[in-house]
Amino acid sequence: MITLTMAKALNAGMRRALEADPKVVIAGEDVGKLGGVFRVTEGLQKDFGEHRVIDSPLAESGIVGTAVGMALRGYRPVCEIQFDGFVYPAFDQIVSQLARLHYRSRGLLQMPIVIRVPYGGGIGAVEHHSESPEAYFCHTPGLKVVTCSDPVDAYWMIQQAIASDDPIIFFEPKRRYHERAELDESLAPAPLHSARVARPGTDVTLIAYGPMVKTCLDAAEAAAEEGHQLEVIDLRTLSPLDMAVVYESVQKTGRVVTVHEAQLNLGLGAELAARITEQCFYSLEAPVLRVGGFDIPYPPSRVEEEYLPDLDRVLDMVDRSLAY
Amino acid sequence: MITLTMAKALNAGMRRALEADPKVVIAGEDVGKLGGVFRVTEGLQKDFGEHRVIDSPLAESGIVGTAVGMALRGYRPVCEIQFDGFVYPAFDQIVSQLARLHYRSRGLLQMPIVIRVPYGGGIGAVEHHSESPEAYFCHTPGLKVVTCSDPVDAYWMIQQAIASDDPIIFFEPKRRYHERAELDESLAPAPLHSARVARPGTDVTLIAYGPMVKTCLDAAEAAAEEGHQLEVIDLRTLSPLDMAVVYESVQKTGRVVTVHEAQLNLGLGAELAARITEQCFYSLEAPVLRVGGFDIPYPPSRVEEEYLPDLDRVLDMVDRSLAY
Amino acid sequence: MSDISGASGEVELVQLLTPEGERLEHPEYSFSGDDDQIKNFYHDMVLTRRVDAEATALQRQGELGLWASCLGQEAAQVGSGRALGKQDFVFPTYREHGVAWCLGVDPLHLLALFRGIDLGGWDSQQSRFHLYTIVIGAQTLHATGYAMGVERDGLVGTGDPDRDMAVVCYFGDGATSEGDVSEAFIFASSYNAPIVFICQNNQWAISEPIERQSRIPLYRRASGFGFPGVRVDGNDVLAVYAATTAALERARSGSGPSLIEAYTYRMGAHTTSDDPTKYRLADELEHWRLKDPIERVRAYLRRSGSGDDPFFADVEAEASDYAADLRARCLALPDPEMLDFFDWVYAEQTTHLAEQKAHYAEYLATFEDVSQAPVDGLAPAQSASGRQPQPAYPRGVH
Amino acid sequence: MSDISGASGEVELVQLLTPEGERLEHPEYSFSGDDDQIKNFYHDMVLTRRVDAEATALQRQGELGLWASCLGQEAAQVGSGRALGKQDFVFPTYREHGVAWCLGVDPLHLLALFRGIDLGGWDSQQSRFHLYTIVIGAQTLHATGYAMGVERDGLVGTGDPDRDMAVVCYFGDGATSEGDVSEAFIFASSYNAPIVFICQNNQWAISEPIERQSRIPLYRRASGFGFPGVRVDGNDVLAVYAATTAALERARSGSGPSLIEAYTYRMGAHTTSDDPTKYRLADELEHWRLKDPIERVRAYLRRSGSGDDPFFADVEAEASDYAADLRARCLALPDPEMLDFFDWVYAEQTTHLAEQKAHYAEYLATFEDVSQAPVDGLAPAQSASGRQPQPAYPRGVH
Ligand SMILES: Cc1ncc(C[n+]2csc(CCOP(=O)(O)OP(=O)(O)O)c2C)c(N)n1
Ligand SMILES: Cc1ncc(C[n+]2csc(CCOP(=O)(O)OP(=O)(O)O)c2C)c(N)n1
Ligand SMILES: [Mg+2]
Ligand SMILES: [Mg+2]
């Protein structure tokens, strides 16, 4: 049993993957000597060499496009995009190539590529360093999208993602990089594409993922003091969604609040609301309510705490749900 | 009163805009001598010159990025992206620059740019030529997104879009380019960002846009024979959504089916379902149901008719809605 | 300022066979094969052209949705395709039918794609010919990444001809403007990847002439990225073969990337959807017709005596038979099944898609109940007018 | 194959002032200004460095979220910034504080951005200094488009110095790998746009050395795109000034784009978040310290007698005062209001956002009801622990 941060857990998970399979390579800007701007790949180039931990030229489309080529050659590339806001130059390669080569080849070719994206706000950064672009990728068939909310999941999920034969966009909640947890390696990890009930409850279901799981757990704690038992679901997998866990919870609580940092309009909350309403129409006591970033570009850091959903905004929405 | 196709209507609208304002320029691949692969810009370079109707190098990021620069110099560029599937190389410039310069400058700079994108399937094309990427842009704050469903709207909306000081992604349903309608220029056009009831009805509301409006009107016609009065809403503006028209309809019918070609998962139907359910919770007799493309990449053309929502699939969903 | 001489001056073009069929010497490049090999080139080019013509005809008759003809580019494609070693791997655009031919890809697969049956049905790993890429320039990065993998596999510079390998990547003149292509040049140069970039400069990107993309000869683009470039007469199969052979050798030996600009001409429309009379003059076509890649080989073979009437007649006959057979096989292609596509999205199927597929299958079944026997594979989608009676609606997860 | 000579050979570097402060002649470039102008350069460079140091200090003290220092690049920035004509327009990265200075942009605006108050608060049209662009390379296309607009406006090649204008675009060595930059080169060349690309090659892109991006000198990239490039000593303010002046002249006269590689060094960390000891050796820093851009001008001015102790002392004093004042103004900057941001998304506000803003305002008001007077502007967001009593919930359109 060891205690480690999410950043270290990801590092350890990648180390495991590099050890386990010589075809695993890591590529990205500054992932080598520097170990990435968040030090998530620290020490890996030193131990596995420049051929396996590759500092890429400053070109995101190039990073993903060459990863596609390496995958065709039998490699399993793990690409790092330095910050969420810099994934867009690679959008074409991700959406039109990476996501489709398996399909285009009628299942003959595989694209075992992981694209790691530190995402989300709350770190006081400048523009383009606090985005939550997950919905773009969830709307793209052919991709799978996952995100971890704590070090233990980080450790296992990165290994599972690397082991997967499908392309996976792996979102890492950068403001949780330095939070710690205990890892007991003897406990078997949950399947990659499964959601989990992070806290059981009976009154309202909070659905969150990545950085917002902690916020929701805090909210549930606060609500408990006021006598409301909130169930918190950590989605973990954003595409495909593990709706079974969600439906089960909703059938019990009849009330749902979705929470994410991304803009509300066409964010994950929309899809959750649509599916839940269709599937649990007669169980819902209130409409699915959504908390999220406002429908404006991420603001400068001095107001980001207001932009980001926090405990108060979550509880406010819980109250609204309960008021139905 | 003249009869014209949607392609000609767009051409006429752009001609009007070029005449009205010397700062309007058109740019894109093959928009000059060829008049675009769909001939939508036919004759414009001949009449307005190479300085105003610009054949661009084959580089979509370049087309949008230089348009941003031209806009900063006071121009009003209208960019053509040749096909929906080729908008992705420009994604970064659209999402991180075009959508944000007004915001970044605290309202000082304006980005009066229109990006025309022929979109959607049904024309028997090869890969990347039949996509419906509108949700990506609707999820992006700072952009406005519109689409026309008939020649009359096409004629006015393109002019309104060019006149707008906000960046607008203008989706043109390519399979409707050759459908005809009568244009009476003496009738004032509706505001750009408004939805319209394309056919009034009482039993179920069909919400559609672009190419699916015709499909829904046909479905309503067929349903009428079976005694069901479907109300068809043509959204016209996808971001911002004109929800007032939608809510009014739903309060009347209590049943909604959304229809689009785009993949269902996180498509526009999701956002519509979420908002409608929240706002009309007590009026809904059935959950908002969605018809759309399947959650797979667009298939080869020999099966596209099965992939695309058609009259049968719409009516099937209407029946399901009525069965609640 | 650094000089940009050559921008307007005379540009050297490697040529080993004139349009009149005369062999030329070149200080750097030579063709060391014999006339039998040249006869094989001739054979491949004629067959390529015949297949291409058949495909165009099929499109005109409504049997294909589209066709991108390679007419006029046979030498650029066969010359480079035949230079490939048996380990080398190719990344094409959507027009490399002649290269596909050289690698033994059944043209039926190409037709199937343009017929709308699939998005690329051949086994690209086995044929060493990657699937066609339609997004302009995107494949240049895939090719570069593949070459980086080859280098990591230790398959360059070993000196063992059975091990060393290289990657060839094709793209058009228009493609050179896409950011991806420049990024590919940067990665290839930075990692010294074993790759040969072959740009078929056919003078046009749909309606845009090469001048819109570059004001200097394209082969010079490479020098700014730190690797060599050369312009060859793309209608001269010997020059293309020689230059490709040399560039492949260079790549396999570990000396890194290079660029070949095959200077040629798109004799046909961009695709069957295009009407080139809108933007280019007939003269230009006439001018290039005189440089035909096949005619000059025929002239040479006649001149050298290696090709006689029976030889030419045989090739012609073979081409006709091949085309007739191909046409028949094309018409016999079965239509795809919509339901299959749900299974090709992921290596590991998701519950969501499996359910969506199941619901669609149930939906389809409601039609079959009515009509008992569907008229053909497309029956369900065609029944939009005659609706089925109310089915028992499964509550759908959409 | 075209030669790529120069790849490994000696590279010419335009230098007009040695690190020791000696003036040099150059066949193509010369500095025709007088010592007063050089004193002004000195002044600008010292002030730039002082502002930069103050900003770094403010960041260390928690007053800025981040700072990207331009330490060591003052000559590249002031030399080019001072060469600008009064019509010319500039597109910077996020590090051009010295250019901003030359264009009269109040450094307070730069601090405000890095403090997290706004995303760029200066009037870019009025100052002719576009907002900072953080996405690497994106601004090169904006600059090119702007230059295309200038050309369309008929403001090149008129010969009228009050009319002709040009655009200057800055970017780093790392940026040259981004597809956008190559596309900008293509558009600029294709349309013969009046633009000067200035690449400050400071040898590093965060932790990646220039060799990762290019194996040949960067200025040579231009030649492959059909326009001239030159490498100047980026720590030599006279050389940078001379080369920029010439390139601007060229652009204004209608002769099209050119590239200047200002060969310099990033003396500090990439940003205050970075720790360069992880990836580079102290030697390198020492080596470059001897080439300091300010020291050599000081040496020259001393040597020529144009700069005496009082002059240097005055500049120093002015810099200190300026910095102290700037610090005070920085600390006095008011925090932004979240609600304002809703109004800056669109030129024409949408109902949706107006409603979202109104709902958020209502939500904020529920807190004020409880606490009567918020302690400061951020009060509502800070009240996460002490919840308000149940408010009367307005039914939200979220
Ligand atoms: C990214 C992208 N943009 C636009 C297109 C549409 N398109 C298809 S082919 C073509 C021209 C390509 O010209 P070139 O590279 O010279 O190749 P050629 O067709 O001449 O062989 C264009 C613009 C595309 N396929 N991909
Ligand atoms: C598209 C994009 N990718 C990555 C980054 C993160 N990033 C910021 S600065 C930088 C290095 C830039 O190097 P260079 O162009 O040499 O400029 P310098 O910082 O040295 O002035 C990187 C990778 C970014 N801002 N934008
Ligand atoms: Mg071409
Ligand atoms: Mg740098």
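Chain A is the first sequence line, chain B the second, and so forth, proteins listed ahead of strands; every chain is numbered from 1.
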Review point. Would you call A:E271 and B:R290 a salt bridge, taking side-chain N to carboxylate O under 4.0 Å as the test?
Key: yes

Practice item. Run the numbers on B:I296 and A:Y103 for side-chain contact (heavy atoms from CB on, under 4.5 Å), then give the verdict. Key: CA-CA 9 Å; B:I296 68 176; A:Y103 186 75; 3.6 Å; yes

Please classify the contact between [X] and chain B as side chain, backbone, both or neither, with a heavy-atom cut-off of under 4.5 Å.
{"X": "A:E127", "result": "side chain"}
{"X": "A:P133", "result": "neither"}
{"X": "A:E131", "result": "side chain"}
{"X": "A:L284", "result": "both"}
{"X": "A:S61", "result": "neither"}
{"X": "A:L272", "result": "neither"}

Check your understanding: For chain A, which of B:P89, B:A262, B:A273 has the most heavy-atom pairs under 4.5 Å?
Key -> B:P89

Practice item. Considering only heavy atoms and a distance below 4.5 Å, find which of B:S239, B:G267, B:A99, B:G269 pairs most often with chain A. Key: B:G267

Practice item. Name the orientation class of the two ring planes belonging to B:Y136 and A:F91 (parallel below 30°, tilted from 30 to 60°, perpendicular beyond 60°). Key: perpendicular

**Study point:** Aromatic ring pairing A:F281/B:Y324, orientation class (parallel under 30°, perpendicular over 60°, tilted between)
**Key:**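 Rings of A:F281 and B:Y324: perpendicular, as their planes differ by over 60°.
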
Exercise for review: Take A:R320 and B:E278 through the test side-chain contact (heavy atoms from CB on, under 4.5 Å) and record every step on the way to the result.
Suggested key: CA-CA 11 Å; A:R320 291 184 198 218; B:E278 186 183 344; over 6 Å; no

Taking all non-hydrogen atoms of both residues, which atom of [X] and which atom of [Y] are closest, and how far apart?
{"X": "A:P141", "Y": "B:D295", "answer": "CB-O, 3.4 Å"}
{"X": "B:H139", "Y": "A:Q263", "answer": "CE1-O, 3.4 Å"}
{"X": "A:H128", "Y": "B:S96", "answer": "CE1-O, 3.7 Å"}
{"X": "B:P287", "Y": "A:T277", "answer": "CB-O, 3.5 Å"}

Check your understanding: Any donor-acceptor pair under 3.5 Å linking the side chain of B:N265 with the backbone of A:C138?
Key ->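 Yes, B:N265 side chain to A:C138 backbone: donor-acceptor pair under 3.5 Å.
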
Point to revise | chain A contact via B:L268 - which portion, at a heavy-atom distance below 4.5 Å | key: both

Practice item. Name the region of B:T258, side chain, backbone, both or neither, that has any atom closer than 4.5 Å to a heavy atom of chain A. Key: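 Looking at B:T258, nothing touches chain A.
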
Point to revise | For chain B, the option from A:P299, A:A135, A:P297, A:A270 that forms the most heavy-atom pairs under 4.5 Å | key: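 Greatest number of close heavy-atom pairs with chain B: A:P297.
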
